[in-house]
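So the structure is just underneath, and the comments pick up after that.
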Amino acid sequence: MKKVERINIIMRYINNRAHFTISEIMREFNISRSTAIRDIREIEAMGMPLVAEVGRDGGYFVMNNSVLPTVRFTDNEIKALFIAFMATRNLQLPYLKSRQSLAEKLLGLLSENQQDDLVLLNQILLFEGTNPYNPDLLDLSDLPHPMLEKLIQILLSDRYLWIAIQEEKAIKSYPVYLLHLYREKGLWLIEGFDLQDERRRIYPVDNLTDVKPYSAKKRLSKKKIFEKLSKQEEVINLVVELGPKAIAQFKKYHPLKVSISYMDPFQTSAILRTFINVNHSEELTEMTNWLLFLGRDIKIREVPQEVLASLQEKLCLYCP
């Protein structure tokens with residue numbers, strides 16, 4: 001462990017304890033007495049108010065009403081944070097303004113050499129959605145839907161919602177219990193349990209016009225909701241075995257609700273089990289295209305006739 005990393009961890013270790021000794025630090029971090037003493041002195045020099053207790057059982061404690069000094073980042077930690085910011089540009093993520101201020105604070109903490117490294121990374125690394133002619137970390141072009149942050153803020157205290165959705169020429173309202181808020185194919189989606197129709201539904205956040213907590217008097221209990229959902233669970237009708245090339249394709253993209261189980265410890269083969277609603281034309285088309293995307297390294301064990309017909313139709317388009 002590098003010295004900077006060790007000192008950061010020691011600072012957290014001692015800040016969470018009423019009392020500690022040099023011997024405890026030596027045992028916990030597997031370091032010599034002289035190293036432990038040097039680390040403690042360096043931590044004191046950084047501003048952590050440590051009080052030494054004399055005597056046979058003496059040690060140290062952190063002075064009351066004290067706060068931890070500024071966290072120090074290693075060069076690799078800085079690069080990891082910066083690249084994470086770069087990789088999430090133009091994805092319409094919430095809290096963009098906070099993300100911008102975080103980036104500004106990060107840059108302000110760095111030395112000139114570290115800033116030069118990040119400027120170079122910003123020039124040579126391009127991610128999906130990056131404008132190569134304006135690869136600015138603080139670019140505000142990826143503003144999310146204006147309702148997204150309001151929705152998340154309400155969800156932190158209450159998952160029972162009354163949402164208004166724009167549908168064609170009318171706005172319709174639904175009472176829902178939110179199961180998941182997720183992003184797929186560039187769109188934010190609400191997966192919720194419709195408290196009126198008592199079934200699972202998907203609502204696009206882009207069509208959201210208003211959201212507020214749902215009246216507590218008319219709520220169905222969380223236990224009842226999941227009981228009803230369990231009774232409505234679809235029967236698996238698609239079973240596919242994936243080889244290594246198909247697994248690589250799966251990792252590039254897969255529908256949110258589709259998962260695989262590996263069949264060997266080296267993760268070179270896997271099995272996929274899911275349900276396709278063949279009565280939903282959009283889902284049928286999407287799953288057909290996705291199975292073709294997986295490529296030839298698959299073996300279909302079980303498939304609805306409608307999916308098979310759709311696959312054959314798609315493949316015939318490429319026939320001579």
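What's counted below: heavy atoms across the whole structure, side chains too, no hydrogens, waters or symmetry copies. Each residue takes its place number in the sequence, starting with 1. Everything numeric here is computed off the predicted structure, so don't read it as measured data.
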Are [X] and [Y] close enough that some pair of their side-chain heavy atoms sits under 4.5 Å apart?
{"X": "Leu118", "Y": "Leu121", "result": "yes"}
{"X": "Ile247", "Y": "Gln267", "result": "no"}
{"X": "Trp188", "Y": "Leu208", "result": "no"}
{"X": "Asp117", "Y": "Ile78", "result": "no"}
{"X": "Tyr253", "Y": "Glu184", "result": "yes"}
{"X": "Leu272", "Y": "Ile298", "result": "no"}
{"X": "Arg6", "Y": "Ile31", "result": "yes"}
{"X": "Leu195", "Y": "Arg219", "result": "no"}

Mark yes when over 12 heavy atoms from residues, nucleotides or ligands other than [X] sit less than 6.0 Å from its [atom1]; otherwise mark no.
{"X": "Asp264", "atom1": "CG", "result": "yes"}
{"X": "Arg273", "atom1": "CZ", "result": "no"}
{"X": "Glu302", "atom1": "CD", "result": "yes"}
{"X": "Glu282", "atom1": "CD", "result": "no"}
{"X": "Arg41", "atom1": "CZ", "result": "no"}

If we count only N and O atoms by modelled type, under 3.5 Å, do the side chains of Thr21 and Ser23 hold a donor and an acceptor together?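 Absent: no donor and acceptor within the cut-off.
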Would Asn207 and Glu167 count as having a side-chain donor-acceptor pair, cut-off 3.5 Å?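 Result is no, nothing qualifies.
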Do [X] and [Y] sit in the same hydrophobic cluster, where Ile, Leu, Val, Met, Phe, Trp and Tyr count as joined when their side-chain heavy atoms come under 4.5 Å apart?
{"X": "Ile300", "Y": "Ile271", "value": "no"}
{"X": "Leu156", "Y": "Leu161", "value": "no"}
{"X": "Ile171", "Y": "Ile202", "value": "no"}

So how far is it from [X] [atom1] to [Y] [atom2], rounded to the nearest 0.5 Å?
{"X": "Glu241", "Y": "Asp297", "atom1": "CD", "atom2": "CG", "answer": "9.5 Å"}
{"X": "Ile225", "Y": "Asp194", "atom1": "CD1", "atom2": "CG", "answer": "10.5 Å"}
{"X": "Ser281", "Y": "Glu306", "atom1": "OG", "atom2": "CD", "answer": "12.5 Å"}

Heavy-atom pair of closest approach, residues [X] and [Y]:
{"X": "Ser221", "Y": "Tyr160", "answer": "C-OH, 3.5 Å"}
{"X": "Met86", "Y": "Leu125", "answer": "CE-O, 3.4 Å"}
{"X": "Glu198", "Y": "Lys228", "answer": "OE1-NZ, 3.1 Å"}
{"X": "Pro144", "Y": "Leu93", "answer": "CG-O, 3.2 Å"}
{"X": "Pro175", "Y": "Gln196", "answer": "CG-CG, 3.5 Å"}
{"X": "Leu294", "Y": "Gln249", "answer": "O-CG, 3.8 Å"}

Please list all pairs meeting ring pair (Phe, Tyr, Trp, His ring centres under 6.0 Å) that have one or both residues in residues 193-228, counting only residues at least two apart or in different chains.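 Non-adjacent pairs meeting ring pair (Phe, Tyr, Trp, His ring centres under 6.0 Å): Trp162-Tyr214, Tyr174-Tyr203.
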Taking the ring of Phe20 and the ring of Tyr13, is the distance between their centroids below 6.0 Å?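 No.
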Salt bridge Lys150-Asp210, side-chain N to carboxylate O under 4.0 Å: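 Answer for the salt bridge query: yes.
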Measure from the side-chain N and O atoms of [X] to the backbone N and O of [Y], and report whether any donor-acceptor pair falls under 3.5 Å.
{"X": "Thr209", "Y": "Gln166", "result": "no"}
{"X": "Glu283", "Y": "Asn277", "result": "yes"}
{"X": "Glu149", "Y": "Tyr95", "result": "yes"}

Option passing side-chain contact (heavy atoms from CB on, under 4.5 Å) with Leu178 (candidates Val211, Asp158, Ile190):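 It is Ile190; the other options fail the test.
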